[in-house]
Every structure is written in C-alpha cells, then in structure tokens.
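As structure tokens, the structure follows; a few thoughts come after it.
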Amino acid sequence: MREKSNDSHKPDRKDNVDDEDRRVLEDIIYKKNSSSANDTEIFDLKTLVHLRQDRLWGAIKERYRYNTSIKRGQEYLIRHVDTKVPLVVMYADLVGSTKMSMTLPVEKLVTVIRAFSHELSSVIESLNGYVLKYAGDAIIAFFPSGFNKYLTCDNAYRCAKSMINIIRDGINPILSKHDFPNLSVKIGMDEGENIVFQYGYDKSSQVDVLGYTMNVTSKITSITSPNKISVGENVYKLLHPQIQTNFRQVEFDYNEWKYIDIKSGNAYKVYTLK
C-alpha cells in the first residue's frame with residue numbers, strides 16, 4: 001500500500017515542473033546586475049538543474065512520459081500564414097546521435113532523445129521562444145523579433161547558454177550514473193524575415209517556415225563545435241556589447257562558405273563562442 005501511495009503522488013508533482021521552470025527562468029532574466037542578484041541567480045540556476053534532474057531520474061526509473069509538443073509554436077504561426085515575419089531562428093543539434101543509434105539499445109536511445117528534446121524545448125518556451133519542429137536529433141525553434149530585436153537576440157543567446165548548462169550540469173550527471181553516454185549540443189542562430197506557410201488548406205495541416213535565414217542557420221549549426229553557440233552577423237550586431245565580447249569571428253576558406261550578406265553582397269559573417 002505504501003508503494004502505491006507514493007506513485008500516485010509523483011505525476012501531479014512532475015506535471016507542474018515546467019511551470020516552475022518558467023518561473024525560475026523569468027526570475028533569472030529580469031535580475032538586476034547587483035552582487036546580491038548574482039548570488040540569487042546562481043541559486044536559481046541550481047534550482048532549475050535540480051528540477052530537471054528530478055524529471056530525468058523519473059524518466060529512467062519510472063517510465064515518466066515527457067509531454068513534448070509543437071502546439072504552441074503552431075498556434076503562433078497560424079496567425080501569420082502567407083506573410084513574412086522577422087524571427088530569430090535557432091537550431092539545437094544533438095552531437096553524436098548517429099553513433100548512439102548504432103551502439104545503444106533502442107530503449108536507451110529513445111530515452112536520450114526524448115530527454116534531450118523535452119528539456120531543451122522547456123528552456124526555449126520558458127524564455128519566450130517557440131518550438132517549430134523536431135528533426136530527428138535536432139530542435140528547430142524561433143523567437144519573434146519584430147517588437148524589439150535587441151532584446152530578442154539577447155534573450156535567444158541566454159536561452160542557448162541555458163540549454164548548454166542544463167545538459168552539462170543537469171542531464172549528464174544523471175545519465176552517467178546509469179551508463180548512458182554524456183550529451184552535448186551545438187547551437188546556431190540567425191535573424192531575418194521568414195515566410196510562414198501552411199502545407200494544406202485544412203486548419204489541422206502543419207504550418208512551417210522557410211527562407212534564407214532558415215538555410216543559413218542550418219549551415220551555421222553544422223560548422224559549430226560541441227557545446228558552442230554560433231550566430232550570424234544579423235544576430236551578432238544586435239547582441240549587447242558585453243555579450244559580443246564572448247564571440248570571435250569564424251574564418252572560412254574561400255570554398256568553405258558560400259553565403260552572402262543580401263544587403264552588401266559581401267560574404268556573410270559568422271561568430272562563435274570563444
């Protein structure tokens with residue numbers, strides 16, 4: 001009877017974890033840069049890590065089912081079908097998934113992919129971003145940038161940093177204890193206008209995004225190192241000067257990079273974390 005009673009309480013507590021994530025992350029974003037605020041921010045990050053460790057532990061031990069969905073992103077995009085919208089596009093790509101698919105049992109691989117997708121999606125949505133879709137081992141997200149591009153780019157950068165920290169400090173310690181491989185992610189971002197379209201005329205058909213920004217972001221992600229963030233020039237110019245100091249420009253060989261700045265006609269610049 002005791003074991004049954006404990007299990008009946010756990011789902012209710014875990015169903016509320018995402019709301020707690022949102023509260024913690026919103027606290028972090030709006031902290032003032034005072035010494036006391038920095039201390040609180042560290043505490044909040046630790047709290048966030050513990051929340052995710054608790055959920056992942058449940059997924060491994062108790063078959064906890066993640067509630068991952070693109071519904072929120074679809075609801076935003078449906079209001080902008082057949083128009084161009086300015087977005088910061090983000091690709092978060094799980095590193096080494098091909099090797100894992102060849103070496104891990106199916107059950108373990110599925111647990112890893114689900115944990116990766118859900119935990120990173122939760123961070124995106126907690127920081128006012130939207131999940132566009134899941135492409136195998138990658139998450140494609142967007143942050144509407146029409147209202148305040150500067151704030152949106154800074155926010156997307158904080159989101160990317162949080163995603164790396166969550167994997168390193170929250171997910172990997174739990175995975176290591178259960179003979180799972182450690183995870184790493186590479187993240188690419190760019191900003192620009194994108195076309196929103198719907199595949200069919202039925203209201204239930206999927207809404208998607210296409211355009212030059214999507215293509216550039218995908219390529220930027222592919223050249224990014226594990227646990228690093230790379231951004232296109234459009235994003236870099238809009239980042240806070242203090243954040244810009246964390247980046248260095250990527251040097252390409254002549255045949256390695258074909259993308260150009262549409263406005264200037266010059267090679268499009270890419271910056272990556274030092």
Side-chain angles (χ1 to χ4, degrees), residues 24-46 48-49 86-93 95 120 123-124 126-129 139 141-170 172 183-192 212-213 216-253 256-257 259-264 266-274:
V24 171
L25 280 166
E26 286 177 349
D27 285 347
I28 294 171
I29 295 170
Y30 296 109
K31 294 295 181 189
K32 293 181 180 179
N33 293 324
S34 64
S35 58
S36 59
N38 288 336
D39 292 340
T40 307
E41 179 175 331
I42 292 171
F43 172 78
D44 284 341
L45 284 170
K46 289 181 179 179
L48 183 59
V49 165
L87 303 172
V88 173
V89 176
M90 172 189 289
Y91 277 62
D93 193 5
V95 177
L120 269 59
V123 175
I124 291 165
S126 296
L127 282 143
N128 301 317
I139 302 170
F142 64 90
F143 297 75
S145 58
F147 178 70
N148 187 328
K149 293 181 184 293
Y150 296 97
L151 179 61
T152 303
C153 288
D154 286 353
N155 198 38
Y157 167 76
R158 292 188 182 97
C159 177
K161 287 286 290 182
S162 295
M163 291 161 76
I164 293 172
N165 291 338
I166 287 298
I167 290 176
R168 183 188 62 208
D169 302 327
N172 283 343
L183 307 184
S184 58
V185 62
K186 49 186 181 179
I187 301 173
M189 296 191 297
D190 200 18
E191 195 275 339
Y212 195 64
T213 304
V216 174
T217 306
S218 176
K219 183 61 178 178
I220 288 173
T221 307
S222 70
I223 63 172
T224 300
S225 300
N227 289 336
K228 294 290 186 179
I229 303 165
S230 296
V231 301
E233 187 175 3
N234 288 348
V235 169
Y236 179 79
K237 288 180 176 179
L238 294 168
L239 289 173
H240 190 280
Q242 186 174 357
I243 296 177
Q244 288 179 348
T245 61
N246 297 321
F247 286 85
R248 62 171 177 83
Q249 185 176 341
V250 179
E251 299 295 336
F252 295 107
D253 293 333
E256 187 179 3
W257 184 255
Y259 291 92
I260 62 171
D261 186 324
I262 298 176
K263 294 179 180 179
S264 68
N266 298 323
Y268 190 63
K269 296 178 182 177
V270 177
Y271 300 81
T272 193
L273 281 182
K274 296 176 181 177

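Counting from 1, the numbers follow the sequence of the chain as shown. Note that the structure is a prediction, hence the values are computed from the model and not measured.
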Legend entry - Y157 side-chain N/O to Y236 backbone N/O, donor-acceptor pair under 3.5 Å: no
Legend entry - Point-to-point distance, once rounded to the nearest 0.5 Å, from OG1 of T152 to CG of L87: 9.5 Å
Inset, instruction - Give the C-alpha distance, both sets of side-chain angles, the deciding distance and a yes or no for side-chain contact (heavy atoms from CB on, under 4.5 Å) between F143 and I124. - result: CA-CA 9 Å; F143 297 75; I124 291 165; 4.3 Å; yes
Inset, instruction - Could you tell me whether K274 atom NZ has more than 12 heavy atoms of other residues or ligands within 6.0 Å of it? - result: yes
Legend entry - Contacts of type ring-ring contact (aromatic ring centres under 6.0 Å, His included), residue F142, not counting sequence neighbours: Y76, Y130
Legend entry - Whether over 12 other heavy atoms sit under 6.0 Å from K269 NZ: no
Inset, instruction - May I ask you to check whether T224 and S230 show a side-chain donor-acceptor distance below 3.5 Å? - result: yes
Legend entry - Side chains of Y268 and I262 in contact at under 4.5 Å (non-hydrogen atoms): no
Inset, instruction - Please assess I220 against V231 for the test side-chain contact (heavy atoms from CB on, under 4.5 Å), listing each intermediate value before the final yes or no. - result: CA-CA 7 Å; I220 288 173; V231 301; over 6 Å; no
Legend entry - Side-chain heavy atoms of D190 within contact of V89, under 4.5 Å: no
Inset, instruction - Nearest 0.5 Å please: distance from the OG atom of S218 over to the CD1 atom of I223. - result: 10.5 Å
Inset, instruction - Apply ring-ring contact (aromatic ring centres under 6.0 Å, His included) to Y259 and list each qualifying residue two or more places apart in sequence or on a separate chain. - result: Y212, W257
Inset, instruction - Answer yes or no: is there a donor N or O on one side and an acceptor on the other, between the side chain of E191 and the main chain of P86, under 3.5 Å? - result: no
Legend entry - Separation between CE of M90 and CD1 of I187, rounded to the nearest 0.5 Å: 6.0 Å
Inset, instruction - Look at the side chain of N155 and the backbone N and O of L127, then say whether any donor-acceptor pair between them is shorter than 3.5 Å. - result: yes
Legend entry - Where at least one partner belongs to residues 220-229, residue pairs that pass salt bridge (charged side-chain N to carboxylate O under 4.0 Å, His left out), sequence neighbours excluded: none
Inset, instruction - Kindly say whether V185 contributes a backbone atom to a donor-acceptor pair with the side chain of N227 at under 3.5 angstrom? - result: yes
Inset, instruction - Nearest 0.5 Å please: distance from the OG1 atom of T217 over to the OH atom of Y91. - result: 6.5 Å
Inset, instruction - Among L120, V123, D169, I229, find the residue that satisfies the side chain to side chain contact (heavy atoms under 4.5 Å, CB included) test when tested with I164. - result: I229
Legend entry - Separation between CG of D154 and CD of Q242, rounded to the nearest 0.5 Å: 10.0 Å
Inset, instruction - Can you measure from OG1 (T221) to CE (M189) and round to the nearest 0.5 angstrom? - result: 9.5 Å
